[in-house]
Structures are given as C-alpha cells and as structure tokens.
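Structure, as structure tokens:
Residue numbers begin at 1 in each chain, while the letters A, B, ... track the order of the sequences. Side chains are part of it too, since the values below use all heavy atoms of this structure and drop only hydrogens, waters and symmetry mates.
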Amino acid sequence: MAVLRPFDKLPALNSAVLLLVGSDEGLQQKLAEAMLREKKNFKINIWLMRAGQCYLITSQLLRLWPQFTNTAGQLGCLCFSDSLKNVEASLAHVDASFFLGKVCFLVTGVGRVNYCSVEMNAIWKLGEVYCSPVLFCELELEGIRVATAQRLLRMLQICAGHVPGVSALSFGSLMRNFADD
Amino acid sequence: MQRRQSSKTPKQPLQVHHKNQTDLSAWRKGGRIDLENSVQNDQSPNDQKNDSKQDSLEQALSYFEKVQDRVSLKKNDVLQKHLNTVESIALQRGLPPEGFDVLLNVALSGKLADTVNTRLLKSLVPASVIPENSVISSVSWLCVSKCSSNIQLLFLRWLITVFDFIDHKEQLHALYGFFFSFLQDEKMCPYVCHLLYLLTRKESVKPFRIRRLLDLQAKMGMQSHLQALLSLYKLFCPELVTITLPGKMKTYFKNSEGPWKAAINTVRRRNQENSPVSRLLFLGTAQPQSRKRKWNTQLIIPASSTNQNNLEEDREKNHVDLYSMNESFPVEQLQTFSQLLQNIHHLEFPSQMGSVLTNPLLLHYMNCIKDESIYLRLYYWMGQTLQEECTWCVADSQYEEEFKDFLETVYKTECFLQEGFSSCEEFLYRSLPLWDGFCCRSQILRLVSWIPLSSFSEMKSHLYDPLAQLFFTSSLYFKCSVLESLKELLQNWLNWHVIHLDSESDSQVYSSNTTLSGLVNVVAELIHFVGWISTAALRLENNPTFLLYFILDFYETVCDMYLRYNLPLLIMPPAGVFYPALLSMDSVSLNQLCYIMYRYRTNLVAAKQNELSKKKILQFKFSSQTYQEYNQYIIAMVGCLWTSSAFQKDIHPQGLRMDDELLKKTTVQEFKTSFNIVYHPAMMGYAVLFLQQAWPDDTTFNFSLIKGKKWNWYLEYLYAQGLKGLKVFIESSINRVSQASHSKAGNVQV
C-alpha cells in the first residue's frame, strides 16, 4: 500500500493545499466554494476526496502530487468530515506523523448526536488520539459555513507555515489544552 | 379495563375526593372561578369571525358534556364528527379555557373507549390558559380510578407539559398529598416526581414524605427522578434530608412533553399573528409586542396569574387596598415602583416564572426577598427552555433570532440581578464544546461573563478548553470579543467578592468551593489562562494594536485587584504580553502599559507596607516572585524609555538583553537610545512635532537637541498630548535626582 511520507515534497511559499475528505460531495463543494470566496493573501488549492473510496486517497494523492508540486506545493491541512467509521478507515492510509498538527476533524449535525453521548466520546477520543482539533459546524447553514471556511483558512495559513514563528506542530500543541504545558 | 357505565355528575368526584383527602378545605376556601365570566373574557374576535367553527366546537363540547353511555367510535358517526372537530380546532387554534373542564371530565371518566380518551387528551392544546378548577376536578377523577392506567399516565404527562398554562395553582398545591400518594405506582412514579418537582414549596417538605421517598429509593434503587425530588427537598430543608446526593445531574426527568409541545407552539404563534386582541389575555407589563415571538409570549405575565376575583374587585374600585393583607396583589397590575413598595408584603409571583425576566419591578422584588424557591423555579424553567430551544443543538436556524432575543433577555436579567444563573452556566458548559463560534456569538460571549465561580477542573474542561480552540482558529475580532468577556467575567467575580466581603457574617457566603483561597485560586487560573491565550494570539496575529488594547484592558483590572477589590492577589502579565506592549509601534499601547505598571507599583507598595506594619496577620502574602517579576519589568522599562540602557540592564530571561558586540553587528547607530521616549517608534511622531514647534526653522530633525531643559519641556509636551499613563509612570517610578539632569535618573524598586 502506498503511503505518503515526510519530505516527499518540499513546500512552496505563499500557497497552500487543502484536502477535504468526506462523503457528502455537495457539502464539500459548498465549503470549498465558501473558502475560495474569502479574501486571502495566499494561493489555495482545494482537493476534494471521497472517503467512500478511501483506499484511493494515498495512491490518488501520489498520482496527483507531481501536478500540484509545480503550481502549489505545500500540503497545509487535511480535513475529514464524514461518518466516524469512514474517517477511521481513511486515516489508516496516511502517515500520521507527517500530518501531525495538520489534521482537523469537522463534525456536522451536532444536533443529531447531541443526545448520544457514546458517539461524542468517540469523536473526542479520535481528536485526542490523533492530537488534532475537532471543529463543530452545521455546513448546511450559510452563515456557519462561511464562519467555518474562515476558521479553516486561518488554520491552513498557520499549518502551511505562513505565520512567522508558528509551525503546524506548535499550533497543534496550542490547540491542545492549556494546563498541559 | 373498566368500561362500565358511569352515572356520575361532574360534581360527584369532588365528594369522593373529600373523603380521601383531608386538605380539601383549602381548595374550597379559594373560591371557584366563574366559568361563564372566563368564557366572555377569553373570547377573541378571531373566534367570532369564524362563527361556523365556533359553533361546531360548541356543539362538540355540549355533546361531550352530555354523553352518557359508552359509545363505540366505529359505529357512531356523531361521536366521530365531534371528535374530529375538537381535534382539528385544537391543533389549529387551541382550545378555549372553558373547553378543558368538559373534555377532561369525559376523557377521565372512562365513559368512552380508550382510543377516544387518548385522542381527546392529545388534543388538549390551550389557546390561552387552562382554568385551575378543570384540572382539580380531573385530578379527582384519577382518584376514583375510572380510567385506565395508560390514560392516567397520559394525563400526568399532559399536566406537566401545560403546567405553565394553568391560570393559578393555589388549589393545585393543596392537592400535593394526593399526588404524593401516586408515587407508589411504579409506572407513574417518574411523572409524579416531575409534577411534584414543579409543585413543591418549602411547606410541602415534611418528614414523613422524606421517609417515604427514602423508602422508595431503597426499594427501586437510585432513580434520577427520585433524586431530583430529594435534592429539592434537601434544598428547602437541609436539616431533614441528611443523605448525600450526587451534585449536578445532566437531566433529572425524561422528556415528558409528549405530543403537545409542538402543537402548543404552533397555536401560540398562529394566535399571536392572527389576532392582536388575543394579547388582551396577556396583560403584559412589558412594552406592547411589536414583534410577535414565541419567546416574548413566554415572558409576558398572563392576566390570570393570580386570583381572578381580586382582579375584578380591584378593577371596580380602581384603587389598591393597602390593608388587605390576606389577598395578594395581582402582579400584572404592578406598574410603578411606588406600587411595588406599597404592595411588597402581599405580592405573589406569577405562575409563569419566565415573565419575571422582562419585569424590572418583579426583579427588584426577587432581589429583595431572596427566596430560594423563586430562584429554583426560575432556574428550572430556564434550564428546560435553554436545553429545548438551543439553535445549534437542534440544527435549525429558523428560530435563531428568537433564541438570540431570549439569550439577550437572560443576559440583561443577570446584569440586573448582578448574579449568574446556574441554569445558564449548565447550558454554556453543555453547549460550548459543541459551539461553532458563530451562532448567537455576541449573546453567548456575554453570557460567559456571568458564569459563577466554580472549581478549576470544571472550568478548564467546560470553558477554557473549548474557548481556546475557538479562540485560536477564529478571527481577530472574535479574539477581542473573547478577551472582553473574560475581562467582564473577572470583574464580576471581583465585584462578587467585594460585596460578599462586606457581609462576611453571612454564613452562606464562603461555602465549599468559594473560600477565599478557593476564590484566589480560581481568579489566578483565569488570569493565567488569559495570559496564555494572549501570548499565543499576539504571536499568531503579529502583534496588532487592536488586540493589544483588549489584552492590556484586561490587565488594567488585574493590576488593581489588591487595592480596588481587596483581593490578596497580583499577577504580572507574561513576557509575551509585556514586551510586545513595551516595543509597540503605537503610543496608545505604550501609554496603557505605563499606566498598568504604575498601578502594579501602587498595589505592590501598599501590600508591602501592610505586610511590614503587620497591622493584621495576613492570610496571604504575595510571593517574592511577583516582586521579582515586577522589578525585572521595571528595569527593562526604565532602561528602555529613560536611561537608554535596556540592552545592558534587562535581566528578564525573555528580555531584551543583548551583547554590545552583537548590537554593533546590526550596524544600527545609536542603538542605545533607540527605545527612549524620544526615539521609541511609538513616540517619534511626538518628538517630530515637538521639534517642529520648538525649532520651527530647523528642518534636520535633530532629535539630540531634546535634552536638558528641553527634555523637561518635551515631557510636559507629551503629558499635554494626553499621555497620562506615561506621566504617572514617570512621576512614580523614576527618581529624578535633579530637574535639570536627565542622565542621572534611577529607578525605584519595591
């Protein structure tokens, strides 16, 4: 199985790549559009991946990689918005150490899980295991989608190394809790 | 199932009841409401417009009133027709008050089949209020066991759902013992507990009831509904309930709202839109409703909240009888503060606790009587409402505006009472981890500022962690709003401390986790948290002045805690905040920092003096670390701004100290003076203007001219420009040996 490894590709300045992994293509598309509409001072490439074909993620990525090393180059952020099972399956195909600090889980439909504490615990645990933040959003609603897009862009900018003095790793540890340090 | 014919007249059950219940005299004393009267009162023109519908409802009601035999639904078209009429009108417009008596009687008397009874009960959606006496008579039907247990359960659930619609509850309270006896029934127990929870007042708590509840708990195990009732009893009479109960529960009662809630909401919405006159039912003390919203309707006091007879008498006389001690003053007539003062001895809270929120007079009253049960009623109502209606929990944006208004009202009430509500705290703790940071943003952040003091571990996992995640990923403006509300949170805690310090004799003040040391710890944790997120935010956002302003604003409160709020705690800002402010490009930040350092100095000197004079044995002493940190900062600051020796003298580990060799390599000339009050990037603009005024002919901008006497002029010029912080800082922290000499300035260390 092909696995994405660190130092396979070198970063380029002033551009960032975002990988959205999920099964709801309509929402993915909308979120990506919202992100593209936002004002930003760096180039952004968004790749939408279907988690249903999670075995394709890495090989597809590697196949596409040469194409966007020329134009963009830097993988900034990997987002999963999907059912827990699919996300877990997809995660098996990425080198967790490479993506450390660059993964973020989007959880939608909080209203429906609200009363189901087991599911919530599983989500918190996923975030903990992968040392990655969990964002809650209702992507169906315009306002929240825009707000989420802004937050993701902000994270992408930091993870892509565009903020001096802050690396993806240090940001990741920042996002993990305050009394730990 | 009992399907016998019943020949009872509606009045009979009361007598049966009388035998079983000892306390019915109270019910009788209360006097009955004139049914016809209420019919007239409650008729809205909307009904009149729709005469045919009204007629068919009246026909249906009179049919149900007269129906004697058990009638089969399948075979009887008349029954079917009337049942359909009742159902459709109930779901569309709700039922008028007079309908409840008839329908409850027929549904609970067991005359008809259970399917019919269920349908009747399910259609009991109030258009305005439910008369208490209809509830009372139906409770008496329960007692004679004419209806099946399923119907009994359904009735209880209905009663819980519509509890707030019952016009008054004095007589219902008198039936407390009757409801209590239903606890034995295992199936009904949870619902009866819920109902009792709503009904319980201090006088209802009796030793024999507590014993009964404990017995039940021993028999049935720890049930959340029993615990809820027990904890309520314990709150009223802690001396009687000695067992320990688990602290906070997620939910005490299962959602018992059944099929009515949605219908009630639609009916209320519809009625408000269609007939402005139906507002007459709600003699609101708030301003007339321009926007008709679900929240607002809950917040208005219904006219029938107190005894209707009183109401009418008062209307006739059109004056307030000062001496009628035994009669309560109807709250909906309370309009002015002097009325409140005159009637404060016989005011009664409305049945709908939510209406208190919009009524400043009742809030005054609430504040004044300090009745625990009033707060409990309010918290219960609010907790339920917040849980049910939270927009991002139900993922429905339709009601967002209404929810915002509601949160706004809650916030204003908290400000008014100067008190955080525990139901609000629970709501925030539950929902902040799931918040997207967008929905109702300003309302949520304002509510955060009223979170009551609680233990650190709780605040960390419920408040700090989720807030930090949102903070770091959100915009600059969100960051500033978070800082602002945390500043208000700190101020609210400190105010609380000051107020309670004055009334320290009050034994309730420092309970469990709010001892003075507890308070100091929680406040310290908040300040450390803000220090931490501020440092990170300044780095992430590249030190914008806007953000720095909010951070320093927070520290303006922190630096004065000892003198202004009498709290034995001072915490210096972290280096990640201090140095960006000191080297800021903006004179506003620098000036703010100067003021803060001056206040730190004043507080620390006062603390030291207190300590030295030993007037009283101090429970808390500032650690030497605080003094040390202050001294390090002040050395750096004076070195920067005044003596031009920051790079040599700064001894802070994260400070500016640099070797001369290294500095020379930068090829910056005159690096020593580059941060004094003339050359500092935040001050240079002033220096230029000063030079232009002092030497209008000189265009070379020779800053080195500012020295000696001119240095003093320059200072005066700066002070005149409004840099008051700089003024107090220089005057307090810099010991100027002689007015003429600028080089011989030293600093004072504490």
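- Between A/E142 and A/R145 there is a salt bridge, with a side-chain nitrogen of the basic residue lying less than 4.0 Å from a carboxylate oxygen of the acidic one.
- Contacts between A/V134 and chain B at a heavy-atom distance below 4.5 Å involve the backbone alone (N, CA, C, O).
- Contacts of B/L470 with chain A are made by both backbone and side-chain atoms, with heavy-atom separations under 4.5 Å.
- Ion pair B/E488/B/R446 not flagged as a salt bridge, since none of the NZ, NE, NH1 or NH2 atoms sits closer than 4.0 Å to an Asp/Glu carboxylate oxygen.
- If you look at A/W124 and A/F136, their ring centroids are closer than 6.0 Å.
- Ranked by non-hydrogen atom pairs under 4.5 Å with chain A, the options B/P433, B/A536, B/G437 are led by B/P433.
- Note: B/F554 and B/F550 fail the aromatic proximity criterion, with ring centroids not under 6.0 Å apart.
- Note on A/G143, A/A147, A/G165: by heavy-atom pairs under 4.5 Å with chain B, the leading option is A/G143.
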